[in-house]
Amino acid sequence: MKAYVFPGQGAQYPGMGKDLYESNDKARSMFETANKILGYSITDIMFNGTDEQLRETKVTQPAVFLQSVISAVCGIADFQPAMTAGHSLGEFSALVAAGALDFADGLKLVYARAMAMQKACDKSKGTMAAIIGLPDDLIENVCKEVSSDTEVVVPANYNCPGQLVISGNVEAVNAACEKLKAAGAKRALVLKVGGAFHSPLMEPARAELATAIEKTTFSTPKCPVYQNYDAQAHLAPEEIKSNLIAQLTSPVKWTQEVTNMVAAGADEFIECGPGKALQGMIGRICKGNTAISFHGIQ
């Protein structure tokens, strides 16, 4: 069974999407529609911009979303997923690809999400760190030990065995990193991000995004969509909406999602969008499973 998966923020690169725009009429039309919806030429930045320009909040998330969705629907002949999933931002791409969200509505929500997250970042000084080489339960316990009423650090991305990203207030994240290094972490690397994504510090963004999501029409998808919030397959629009809202302040359970997809019959994963980050993660989650194959669609 084919599972289509979609990357999140951080996968962007200069020139992304240009080949699709120039070679596919449908892709060109979708990109032009995006420019009108956003009110600025995101294609100019995607095709000709610098790394720095692509990191701007109003650009990064829509750019990755556009590259991912258009790669899937325009770059793959006979696109018929048995299931879809996306990592963080990628969940919006997965929902559009599965038919749960209209393309234009998906883009509007992604843009609203990006701007709401930026506001939340401006309110609270937060960061994230990648912890390599420790079991999840040890990292969870250290986060609990370090957190207080005023300084919080929590697990944010369960990427794959031996790789968990933590998120929270800067001082709490730094304190957790020191403890985790002492506990034997191979690496405890503070990431170059603008805030504490998938943590309680995103609560203002969650509330703002909830309003936008509740006003948006969601349909029953044509295949199960596995969601970050609970790592389970979903088809009911109201459940999908609720999980999408909760995702902003909850961890991305990617390891559990992929495990559940394999248990449901996924034996071929196609990563749609920029980069190959998910391919690497899935390879470590499914280590030893020779039935898994990958196809990156740029």
Side-chain angles (χ1 to χ4, degrees), residues 6 8-10 37-39 55-65 85-96 100-128 143-144 147-158 165-173 191 193-219 221 225-232 234 236-254 257:
F6 300 84
Q9 189 169 340
I37 289 171
L38 295 172
R55 284 197 295 267
E56 291 182 26
T57 301
K58 72 175 185 177
V59 175
T60 309
Q61 294 192 31
V64 173
F65 168 84
H87 190 285
S88 190
L89 162 69
E91 192 160 283
F92 288 83
S93 305
L95 288 166
V96 172
L101 256 180
D102 174 80
F103 169 71
D105 286 339
L107 178 58
K108 290 173 186 176
L109 287 180
V110 165
Y111 187 70
R113 179 182 190 266
M115 302 311 289
M117 288 172 74
Q118 184 59 54
K119 289 179 191 175
C121 291
D122 293 342
K123 276 189 174 183
S124 302
K125 191 177 180 183
T127 192
M128 304 175 79
C143 286
K144 289 177 183 177
S147 293
S148 67
D149 292 340
T150 56
E151 293 285 321
V152 176
V153 58
V154 296
N157 297 341
Y158 291 84
V165 175
I166 60 175
S167 180
N169 297 99
V170 172
E171 290 184 13
V173 170
L191 304 176
V193 294
F197 306 139
H198 299 289
S199 83
L201 274 67
M202 287 292 108
E203 176 55 32
R206 188 203 65 78
E208 188 171 332
L209 182 62
T211 300
I213 286 176
E214 292 301 343
K215 292 179 180 178
T216 302
T217 300
F218 282 67
S219 302
V225 178
Y226 284 74
Q227 293 191 269
N228 297 168
Y229 176 65
D230 61 2
Q232 301 299 317
H234 291 277
E238 289 306 314
E239 289 181 4
I240 289 171
K241 291 167 72 171
S242 177
N243 292 336
L244 203 57
I245 293 166
Q247 187 219 67
L248 267 188
T249 53
S250 302
V252 173
K253 297 178 180 177
W254 189 249
E257 267 182 85

Calculate, to the nearest 0.5 Å, the distance between atoms [atom1] and [atom2] belonging to [X] and [Y] respectively.
X: Leu248; Y: Ile213; atom1: CG; atom2: CD1; answer: 7.5 Å
X: Trp254; Y: Asn228; atom1: CH2; atom2: CG; answer: 7.0 Å
X: Lys215; Y: Lys108; atom1: NZ; atom2: NZ; answer: 12.5 Å
X: Leu89; Y: Thr60; atom1: CG; atom2: OG1; answer: 9.5 Å
X: His234; Y: Lys241; atom1: NE2; atom2: NZ; answer: 15.0 Å
X: Arg113; Y: Gln118; atom1: CZ; atom2: CD; answer: 13.0 Å

Compare all side-chain heavy atoms of [X] with those of [Y] and state whether any distance is below 4.5 angstrom.
X: Val165; Y: Phe197; value: no
X: Ser148; Y: Glu171; value: no
X: Leu95; Y: Pro221; value: no
X: Thr216; Y: Leu101; value: yes
X: Val154; Y: Cys143; value: no
X: Thr127; Y: Val193; value: yes
X: Val64; Y: Phe6; value: no
X: Ile37; Y: Tyr111; value: no

Locate the shortest heavy-atom distance separating [X] from [Y]; write the atom from each residue and the value.
X: Ala116; Y: Glu208; result: CB-CD, 3.8 Å
X: Ser124; Y: Leu201; result: CB-CD2, 3.7 Å
X: Pro62; Y: Val110; result: N-CG1, 3.7 Å
X: Glu151; Y: Ala172; result: OE1-N, 3.5 Å
X: Met202; Y: Cys121; result: CE-SG, 3.9 Å
X: Ser167; Y: Ala156; result: CB-CB, 3.5 Å

Q. For Leu209 and Ile245, what are the C-alpha separation, side-chain angles and deciding distance, and is it a side chain to side chain contact (heavy atoms under 4.5 Å, CB included)?
A. CA-CA 7 Å; Leu209 182 62; Ile245 293 166; 5.6 Å; no
(Q) For Tyr229, is the OH atom crowded, meaning more than 12 foreign heavy atoms sit under 6.0 Å from it? (A) no
(Q) Tell me whether His198 contacts the main-chain N or O of Ser250 through its side chain, where contact means a donor paired with an acceptor under 3.5 Å. (A) yes
Q) Under 3.5 Å, is there a donor-acceptor pair between the side chain of Thr249 and the main chain of Pro200? A) no
(Q) Please determine whether side chain to side chain contact (heavy atoms under 4.5 Å, CB included) holds for the pair Lys58 and Leu38, giving the CA-CA distance in whole Å, both sets of side-chain angles, and the decisive distance to 0.1 Å. (A) CA-CA 9 Å; Lys58 72 175 185 177; Leu38 295 172; over 6 Å; no
(Q) Does Phe92 form a side chain to side chain contact (heavy atoms under 4.5 Å, CB included) with Gln61? I'd like the steps, not just the answer. (A) CA-CA 10 Å; Phe92 288 83; Gln61 294 192 31; over 6 Å; no
Q) Run the side-chain hydrogen bond (donor to acceptor under 3.5 Å, both in side chains) check on Asn243 and Gln247 step by step: do they pass? A) CA-CA 6 Å; Asn243 292 336; Gln247 187 219 67; over 6 Å; no
